[in-house]
Structure formats: structure tokens, C-alpha cells
Number of protein chains: 2
Amino acid sequence: MITVFSDEYYMKQALMEAQKALEDDEIPIGAVMVCNDKIIARTHNQTERLNDVTAHAEMLAITAAANALGAKYLDECTLYVTLEPCPMCAGALAHAHVGKVVYAADDPKNGFSKYGNMLHPKTKLVTGVKKEECLALLTDFFKKKR
Amino acid sequence: MITVFSDEYYMKQALMEAQKALEDDEIPIGAVMVCNDKIIARTHNQTERLNDVTAHAEMLAITAAANALGAKYLDECTLYVTLEPCPMCAGALAHAHVGKVVYAADDPKNGFSKYGNMLHPKTKLVTGVKKEECLALLTDFFKKKR
């Protein structure tokens with residue numbers, strides 16, 4: 001059972017977004033931005049559809065959340081994302097002062113953490129939530145691509 | 001005298017973009033993306049106007065250039081920008097495989113290079129072109145803000 005308002009609950013929503021990316025033949029990564037227990041942005045990777053390398057789930061979530069709140073800084077928000085953000089996205093999360101970042105699976109090759117902690121010093125970081133499910137989606141996708 | 005098609009020429013165009021940012025009371029940073037000696041994108045920082053921390057000159061230039069070329073990868077392109085890119089922008093430039101990056105002034109506090117070279121291994125990097133003029137614009141802006 002998943003408790004509503006738990007990290008597991010919101011990560012499940014991010015995973016549903018990743019599924020949508022998969023249906024569009026995009027690398028299946030999804031994100032949701034949560035503010036005061038409310039999902040204010042649901043996004044997934046759209047680099048192929050938009051033909052734009054900057055269209056990662058996290059980037060789209062930051063822009064959508066800023067639009068929803070009418071605020072540039074997202075210190076009251078939590079980003080849930082199914083894979084460890086890359087340096088581009090970690091840099092954007094830092095600029096936005098996102099209050100908390102929760103990611104599912106580590107990305108040892110392309111994740112930001114190989115550069116140390118690039119997030120804002122006040123950002124709380126939680127990792128590993130639903131990592132098996134999120135990783136399985138990615139592994140299956142790349143297996144089928146080979 | 002500035003030779004057309006030189007780094008100085010294109011950096012001057014980026015500086016003109018930075019001036020536009022200044023007129024809009026944005027941090028004055030400008031960029032141009034050049035492909036086969038042709039400017040395919042002219043952008044400046046718009047984080048205030050768009051209320052979006054991701055709207056750096058470089059990010060906007062990457063998206064605009066990809067639209068102009070109908071291509072996600074920009075290996076034939078050179079980005080000129082008036083300040084050293086931040087980690088977010090350096091990450092995006094890496095994703096886009098930008099062929100060459102030329103920046104004017106170093107940004108020891110917020111620039112990407114404090115994390116090592118985050119650009120694509122094949123990206124050629126040139127620094128210091130018109131750095132005094134580009135830095136003067138920024139210094140004046142922040143002096144007036146204090």
C-alpha cells in the first residue's frame with residue numbers, strides 16, 4: 001500500500017510520466033513537481049519529439065512549475081524524477097532553489113553526482129525511491145533499441 | 001578593425017545581444033550561434049521576463065539553433081557567449097555536441113569550469129575574446145543594482 005503524500009506515491013506519478021515517454025519512443029524518464037502536497041507539473045522527456053536536447057523531464061517541470069506558481073524560485077517544491085538528473089538539470093534545479101529533490105535510480109555514467117553535489121546547498125536530496133521499477137523501464141527500453 | 005567571420009566579429013554580435021538584456025533590466029549576457037559562417041540564433045538572458053531560471057542566453061540559443069537547423073545535434077555550430085556558461089548551460093552544450101564554444105569573460109564563482117571540463121570531449125573551447133567589454137557591461141549592471 002502506498003500512502004498518499006508519500007515519496008513513493010509521487011514517484012509512482014513520475015513513473016507514469018516515464019511510461020508516457022516510452023509510448024512516444026522517448027528515453028523513459030518522467031518527473032512531477034509537488035508544492036504543498038499538490039502536483040503542479042507532470043512532465044516527461046521529450047528530446048525526440050521537440051528535437052531539443054534541453055527538453056529533459058526536469059527542465060520541463062521547472063519551467064511548468066514556475067509558470068504555475070508565477071514564481072521563479074521553487075523552494076517550497078519537491079521534484080520527483082525517475083532517474084538521477086544530469087548536470088544540466090542539476091544546474092537548473094540549483095538555479096531554481098528547489099526545496100527537495102527525490103530521484104529513483106542512480107545514473108553513474110551521466111548523473112550529476114560524479115561532479116559532487118551541484119544542487120543548491122539548501123536542497124534536500126533523497127534517492128532510491130522505487131528505483132527497481134524506474135530502472136527496469138529504462139533497461140527494457142535500451143534492450144529493445146539494440 | 002574586426003574581420004568578418006572572426007571570433008571577435010561574432011562576439012561583438014553576442015555583446016549586442018547582452019546590451020538588449022541590459023535594456024530589459026536582465027543580467028546582461030548575450031549569445032549567438034553560428035553555423036557555416038552564418039548566425040542562426042541571437043539570444044540574451046531572459047530569466048526575469050520569462051520568469052524562468054532556465055532561460056539563459058545559451059539555453060535559448062541551443063533551442064533556437066536546433067529549430068533553425070531541424071537538427072538536435074549542433075556539431076557544425078559555434079556558440080559565442082559573453083560570460084563563461086554555468087553548469088546547466090555547459091551540460092546542455094554537451095548534450096548538443098556543440099562543435100566550438102567561445103566565451104568572453106571567466107566566471108570563477110558560477111562558471112562550469114570549477115567542475116572540470118563538462119563540455120563534450122570533441123567541443124573546441126576558446127576563451128577571453130572581448131572579455132574586457134563583456135565584463136564591463138556586467139560590472140556596471142551589478143554596481144547600479146547595489
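Per chain, numbering begins at 1; letters A, B, ... match sequence-line order.
A 6.0 Å sphere centred on NZ of B/Lys124 holds no more than 12 heavy atoms belonging to other residues, nucleotides or ligands. Taking a 6.0 Å sphere around NZ of A/Lys122, one finds it holds 12 or fewer heavy atoms contributed by other residues, nucleotides or ligands.
A/Asn51 contributes atom CG, which lies 7.5 Å from atom NZ of B/Lys72 (distance to the nearest 0.5 angstrom). If you take CD on A/Glu58 and CE on B/Met88, they are separated by 13.0 Å, rounding to the nearest 0.5 Å. For the atom pair OG1 of B/Thr63 and CG of A/Leu50, the computed distance is 9.0 Å after rounding to the nearest 0.5 Å. Rounding to the nearest 0.5 angstrom, the gap separating the CG atom in B/Asp52 from the CG atom in A/Asn67 is 7.0 Å.
Aromatic ring pairs are classed by plane angle as parallel below 30°, tilted from 30° to 60° and perpendicular above 60°; the pair B/His56 and A/His95 is tilted.
By the rule that hydrophobic residues join a cluster once side-chain heavy atoms approach within less than 4.5 Å of another member, A/Met59 and B/Leu60 end up as members of separate clusters. B/Met16 and B/Leu83 fall into different hydrophobic clusters, where Ile, Leu, Val, Met, Phe, Trp and Tyr side chains are chained together by heavy-atom contacts under 4.5 Å. Linking Ile, Leu, Val, Met, Phe, Trp and Tyr whenever their side-chain heavy atoms come within less than 4.5 Å leaves B/Leu137 and B/Tyr80 in two separate clusters. One hydrophobic cluster, built from ILVMFWY side chains closer than 4.5 Å, holds both B/Leu69 and B/Leu79. A/Val101 and A/Met11 fall into different hydrophobic clusters, where Ile, Leu, Val, Met, Phe, Trp and Tyr are joined by side-chain heavy atoms under 4.5 Å apart, directly or via other members.
Looking at A/Ala71, the atoms closer than 4.5 Å to chain B (heavy atoms on both sides) all sit in the backbone: N, CA, C or O. Residue contact with chain A, scored on non-hydrogen atoms closer than 4.5 Å, is absent for B/His97. Contacts of B/Ala65 with chain A are absent, with no heavy-atom separation under 4.5 Å from either backbone or side chain.
By number of non-hydrogen pairs under 4.5 angstrom with chain A, the leading residue of B/Cys89, B/Ala66, B/Ala90, B/Pro87 is B/Pro87.
Here the closest non-hydrogen pair linking B/Tyr115 and A/Asn117 is OH-O, 4.4 Å. What you find for A/Val53 and B/Ala92 is that their closest heavy atoms are CG2-O, 3.9 Å.
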